[in-house]
Amino acid sequence: MPTPTRHLDLERVQVLVRERCFPPSTAALVGAEIEWLSHSLHRARDLGFGEVEAALDGTSALPGGSSLTFEPGGQVELSSAAFPGVAEACQALGQDASAVRAALAEHDIGLVGMGLDPLRSPRRVVDGPRYQAMEAFFGADGGRGGSTMMCSTAAIQVNLDIGGPDAVGRRWRLAHALGPVMVAAFANSPIAAGRPTGWCSTRMATWLGIDPSRTSPVSQDRGWADAWVDYAMAAKVMLIRRTPDDFVPVRNGLSFGEWMATGHELGFPTVSDFEYHLTTLFPPVRPRGWLELRYIDALPDPWWRVPVVVATCLLDDDEASSVAADATARCRASWRDAARCGPSHPELSQAAETCFDAALAACSRLGIDAPTAEVVARYRDVYVGKKRCPADDRLDEWAAAVDGSAVAPLEASWT
């Protein structure tokens, strides 16, 4: 919580970022988070959050050790522990996903592997001071992008080690360079309100559009630590915690650097306030003591495993990393092209094929088991090799509807 006098300065912030956001690590640990939209299996109605929560009551001790949480719109999220290999992470998440699905199915509730709810309007059903303040902050400009982001989107997040002292910069740069290629290859959110939006990844388009100070990619023009400090200082303050249960939204565009320098009527920020500020920043790659790759649309089973494996192979295997760096050189800044066009964009399509081939070659070198690697190979054949992504399936389903409505084919694909 804020204090009456200033005691946090830029030098202290720089030390904090290096120590807590970029601690060198050579453990090569892998984790992932997967989100789903929920829906009623047998009735065309919105689910209340209480229904989903009640159906999952008692499933906190999941067999794979994942944690179970809920996003503001009631999206179900599983977060794995950190594992010494990507296959182990996927296996644990797969076990826990099966347990969650089984528990929900007993209550006629299903899970949807899509990046954006294709039918329902955004509606916050999970309460709490943070989400109330977030909703007020994003609603200050009168737009609905913030509400859509909070309540209607779902993603896959890959968590990878920062790397050793000599590898941090390379891994940071490559994690960003891979972003547009991965956005395009795994785009799965082309429909909103029952109609095509013109974007393959409407989820990514939504995130990039709500507040560039906290959702745009971090600049690669400076070193990794300095770039993250600059980003955090320039980002708008979303909220100030007056007490543990009282979060005040900040609607006047105050940046954290300005708050630190001149204060606010509630006081000056502390180290704790800076650390909390970092949790309200949502760039495509976020350093939190590990690298969070946050740019992948939610996918159905078994495809959600593929981006986790591909990202791990391309960052953890030196040979694959070198190939991927070259392959992404011409399209590393093509975030909006990736979200709009998907793999129909020639440079992104070519880069995706090269990166998938490199990842598949790395599977054996990293000791990834054959069944896990086979899922990646199948995805390459079904989508990447044909310059398609799951968004194309969603659009085909929409076009096939007899009455032109997306409801029937989309609901059929959910089950």
Side-chain angles (χ1 to χ4, degrees), residues 13-33 79-90 92 156-183 217-232 275 278-279 281-296 306-329 332-333 351 354-356 358-368 372 376:
V13 166
Q14 290 170 333
V15 171
L16 284 169
V17 163
R18 288 184 177 273
E19 289 181 348
R20 303 187 188 183
C21 299
F22 293 96
S25 173
T26 57
L29 298 177
V30 181
E33 300 176 16
S79 303
S80 81
F83 287 88
V86 65
E88 293 91 331
C90 289
I156 296 167
Q157 179 175 300
V158 185
N159 300 325
L160 299 172
D161 268 351
I162 291 291
D166 297 333
V168 176
R170 174 188 64 79
R171 291 172 66 82
W172 172 253
R173 290 188 298 273
L174 183 57
H176 284 84
L178 285 171
V181 174
M182 299 282 275
V183 169
V218 180
S219 171
Q220 299 299 291
D221 294 337
R222 301 192 67 191
W224 37 274
D226 290 337
W228 186 231
V229 169
D230 290 348
Y231 191 97
E275 292 176 330
L278 293 180
T279 72
L281 307 182
F282 311 117
V285 180
R286 183 170 68 175
R288 295 192 64 194
W290 60 91
L291 294 177
E292 292 181 346
L293 279 58
R294 305 170 53 86
Y295 38 63
I296 304 158
V306 179
V308 183
V309 175
V310 170
T312 302
C313 287
L314 295 179
L315 267 79
D316 285 1
D317 181 83
D318 289 343
E319 185 175 337
S321 294
S322 179
V323 172
D326 290 341
T328 57
R332 63 182 60 207
T354 301
C355 287
F356 262 74
L360 285 166
C363 283
S364 59
R365 295 193 293 269
L366 295 180
I368 296 173
T372 301
V376 179

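Counting from 1, the numbers follow the sequence of the chain as shown.
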So CG of Leu160 and CH2 of Trp290: to nearest 0.5 Å the spacing works out to 12.0 Å
Residue pair Asp318 / Arg365, side-chain heavy-atom distance below 4.5 Å:
no
Polar side-chain atom of Asp161 near backbone of Leu29 as donor-acceptor pair, under 3.5 Å
yes
If you define the side chain from C-beta out and look only at heavy atoms, does anything of Asn159 sit under 4.5 Å from Leu291?
no
Glu33 and Ser79 have their tightest heavy-atom pair at CG-OG, 3.3 Å
Taking the side chain as everything from C-beta on, heavy atoms only, tell me whether Glu88 gets closer than 4.5 Å to Val30.
no
Quick one: pull up CG in Asp221 and CG in Asp226 and give me the separation to the nearest 0.5 Å.
12.0 Å
When every non-hydrogen atom of Phe83 is compared with those of Ala89, the smallest separation belongs to CD1-CA, 3.6 Å
Here the gap from Ile156 atom CD1 to Arg294 atom CZ, rounded to the nearest 0.5 Å, amounts to 13.5 Å
Quick one: closest heavy-atom pair of Leu314 and Ala359, and the distance?
CD2-N, 3.9 Å
Sub-3.5 Å donor-acceptor pair from the side chain of Arg222 to the main-chain atoms of Ala227, do we have one?
no
Counting only N and O atoms by type, is there a donor-acceptor contact under 3.5 Å from the side chain of Arg286 to the main-chain atoms of Thr279?
yes
Student check: side-chain heavy atoms of Leu178 and Leu315 closer than 4.5 Å:
yes
Go through the steps for Arg171 and Asp316 under the test side-chain contact (heavy atoms from CB on, under 4.5 Å), then give the verdict.
CA-CA 9 Å; Arg171 291 172 66 82; Asp316 285 1; 2.9 Å; yes
Would a 4.5 Å heavy-atom cut-off, applied to side chains only, mark Val376 and Cys313 as touching?
no
Mind telling me whether Trp172 and His176 have parallel, tilted or perpendicular rings, with 30° and 60° as the class edges?
perpendicular
Testing the basics here: between Cys21 and Ile162, what is the closest heavy-atom pair and its distance to 0.1 Å?
O-CD1, 3.5 Å
In chain order, what residues pass the side-chain contact (heavy atoms from CB on, under 4.5 Å) check against Ser364, with sequence neighbours excluded?
none
Any side-chain heavy-atom pair of Cys355 and Val310 under 4.5 Å
no
Got Tyr231 and Val17 here, is their nearest side-chain heavy-atom distance under 4.5 Å?
no
Against the six-membered ring of Trp224, is Arg18 placed for a cation-pi contact (under 6.0 Å from the centre, within 45° of the normal)?
yes
Take Ser219 and Asp230, measure what side-chain contact (heavy atoms from CB on, under 4.5 Å) needs, and give me the verdict at the end.
CA-CA 9 Å; Ser219 171; Asp230 290 348; over 6 Å; no
Evaluate whether atom CD of Gln220 has more than 12 neighbouring non-hydrogen atoms of other residues, nucleotides or ligands under 6.0 angstrom away.
yes
Between Leu281 and Ala232, what is the shortest heavy-atom contact and its length?
CD1-CA, 3.9 Å
Tyr295 side chain reached by Pro307 side chain, heavy atoms, under 4.5 Å:
no
Could you walk me through whether Val158 and Ile296 pass the side-chain contact (heavy atoms from CB on, under 4.5 Å) test, one step at a time?
CA-CA 9 Å; Val158 185; Ile296 304 158; 4.0 Å; yes
Of the non-hydrogen atoms in Gly164 and Thr26, which two are nearest, and what is the gap between them?
CA-CG2, 3.6 Å
Does the side-chain contact (heavy atoms from CB on, under 4.5 Å) test come out yes or no for Val86 and Thr372, once each step is laid out?
CA-CA 9 Å; Val86 65; Thr372 301; 5.5 Å; no
Strictly distance-based, threshold 3.5 Å: is any side-chain N or O of Ser25 a donor or acceptor partner for the main-chain N or O of Gly163?
no
